[in-house]
Amino acid sequence: MIIVYDSLTGQGKKFASKLGYKAVNIKDYQRDDDPVVFLVTRSFNFGEIPTTTYEFLKTFHKRVIGTAVSGNRNWGTNFGKAGEVIEKEFGIPLVTKFEMGGFDSDIKVTKNFLETFS
Ligand SMILES: Cc1cc2nc3c(=O)[nH]c(=O)nc-3n(C[C@H](O)[C@H](O)[C@H](O)COP(=O)(O)O)c2cc1C
């Protein structure tokens, strides 16, 4: 299991570091790295998937067991919406949406999900 994060301002990276598995920047993930991937990504511009995440998923979506998506509730119905778009487009379950570096409850839900794969 490896955590891959797409994080611009560091919130997703912080969240990824709390999960208890090796975590790598999405730009550094290689084909011969661990093939069981949990993706931490973000939402921008009304729920869009960042290009970095989209390109990664085009290549590796079959390796991704789930996502956690950072966002901000100020974006209303678009809060963390990229997670829903990824779920629909790639069939990858959205485990949680989180703000800031994630609350304890977000970390707990995610860790519980990851344990079912390890
Ligand atoms: C231009 C811009 C657009 C954003 N759009 C959304 C959005 O549509 N939905 C959302 O939940 N958050 C949105 N956000 C908030 C970011 O997703 C949030 O700050 C997130 O925590 C960033 O994650 P990172 O620190 O890992 O880069 C937006 C932020 C910016 C600067």
Side-chain angles (χ1 to χ4, degrees):
M1 169 90 63
I2 191 166
I3 313 296
V4 171
Y5 59 84
D6 184 339
S7 178
L8 202 61
T9 64
Q11 303 296 354
K13 183 180 180 183
K14 205 182 286 176
F15 182 90
S17 73
K18 295 180 194 168
L19 297 175
Y21 296 86
K22 184 183 173 191
V24 296
N25 191 304
I26 198 163
K27 292 175 184 157
D28 296 329
Y29 182 82
Q30 306 282 329
R31 195 171 285 279
D32 56 0
D33 283 338
D34 195 319
V36 183
V37 171
F38 185 78
L39 178 65
V40 178
T41 185
R42 58 199 166 85
S43 288
F44 81 112
N45 284 349
F46 307 100
E48 279 180 25
I49 307 175
T51 310
T52 32
T53 288
Y54 195 74
E55 290 301 315
F56 175 84
L57 286 172
K58 276 204 301 194
T59 311
F60 293 118
H61 66 98
K62 285 193 178 141
R63 296 184 174 201
V64 182
I65 58 168
T67 66
V69 180
S70 78
N72 189 310
R73 285 186 200 278
N74 291 342
W75 289 84
T77 54
N78 287 314
F79 169 54
K81 197 172 165 208
E84 287 150 36
V85 178
I86 291 170
E87 195 166 52
K88 270 204 200 100
E89 200 164 322
F90 294 96
I92 299 167
L94 168 61
V95 176
T96 193
K97 298 175 179 182
F98 62 93
E99 290 185 285
M100 316 294 283
F103 299 122
D104 287 351
S105 52
D106 301 316
I107 303 295
K108 202 169 167 189
V109 162
T110 308
K111 278 186 164 177
N112 286 346
F113 176 84
L114 296 180
E115 274 167 21
T116 65
F117 284 90
S118 41

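Ligands are counted one by one from 1 in listed order, and the atoms in each one are counted from 1 as well. Values in this document were obtained by computation on a predicted structure and should not be read as measured data.
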message: Distance under 4.0 Å to a non-hydrogen atom of F46: what atoms of ligand 1 satisfy this?
response: 8 (O)
statement: ligand 1 to G80, heavy atom cutoff 4.0 Å, flagged ligand atoms 10 (C), 11 (O)
query: For atom 16 (C) of ligand 1, which protein heavy atom lies nearest, and how many Å away is it?
result: S43 O, 3.7 Å
query: If we only count N/O pairs under 3.5 Å, is S7 in contact with ligand 1?
result: yes
query: So is there a nitrogen or oxygen of K13 less than 3.5 Å from a nitrogen or oxygen in ligand 1?
result: no
- prompt: In Å and rounded to the nearest 0.5 Å, what is the OG1 to NZ distance from T96 to K108?
  reply: 13.5 Å
field: For ligand 1, the portion of R42 having any non-hydrogen atom under 4.0 Å away
entry: side chain
task: Look at the side chain of K22 and the backbone N and O of D34, then say whether any donor-acceptor pair between them is shorter than 3.5 Å.
output: no
- line: protein heavy-atom neighbour closest to atom 22 (C) of ligand 1 works out as S70 OG, 3.7 Å
message: Is it the case that the side chain of Y29 and the backbone of I3 share a donor-acceptor pair, with hydrogens and angles ignored and the cut-off at 3.5 Å?
response: no
query: By number and element, which atoms of ligand 1 are closer than 4.0 Å to a non-hydrogen atom of L8?
result: 24 (P), 26 (O), 27 (O)
task: Could you list the atoms of ligand 1 found under 4.0 angstrom from a heavy atom of G47?
output: 7 (C), 8 (O)
- line: protein heavy-atom neighbour closest to atom 9 (N) of ligand 1 works out as N78 O, 3.0 Å
Polar side-chain atom of K97 near backbone of G83 as donor-acceptor pair, under 3.5 Å: no
- request: Compare F15, W75, F79 and give the one whose heavy atom is closest to atom 28 (C) of ligand 1.
  value: W75
message: Quick one: does any side-chain atom of E87 pair with a main-chain N or O of P93 as donor and acceptor, under 3.5 Å?
response: no
task: List the closest protein heavy-atom neighbour of atom 25 (O) of ligand 1: residue, atom name, distance to the nearest 0.1 Å.
output: T9 OG1, 2.4 Å
query: Can you find a heavy atom in the side chain of T110 that is under 4.5 Å from one in the side chain of F98?
result: no
- prompt: Checking S43 side chain against A82 main chain: does a donor-acceptor pair fall under 3.5 Å?
  reply: yes
- prompt: Any Lys/Arg nitrogen of K81 or E84 sitting under 4.0 Å from an Asp/Glu carboxylate oxygen of the other?
  reply: no
- request: Measure from atom 19 (O) of ligand 1 to the protein's non-hydrogen atoms and state whether any distance is below 4.0 Å.
  value: no
Donor-acceptor under 3.5 Å (D106 side chain, F103 main chain): yes
query: Please state which protein non-hydrogen atom is closest to atom 1 (C) of ligand 1 and give its distance, to 0.1 Å?
result: N45 OD1, 3.9 Å
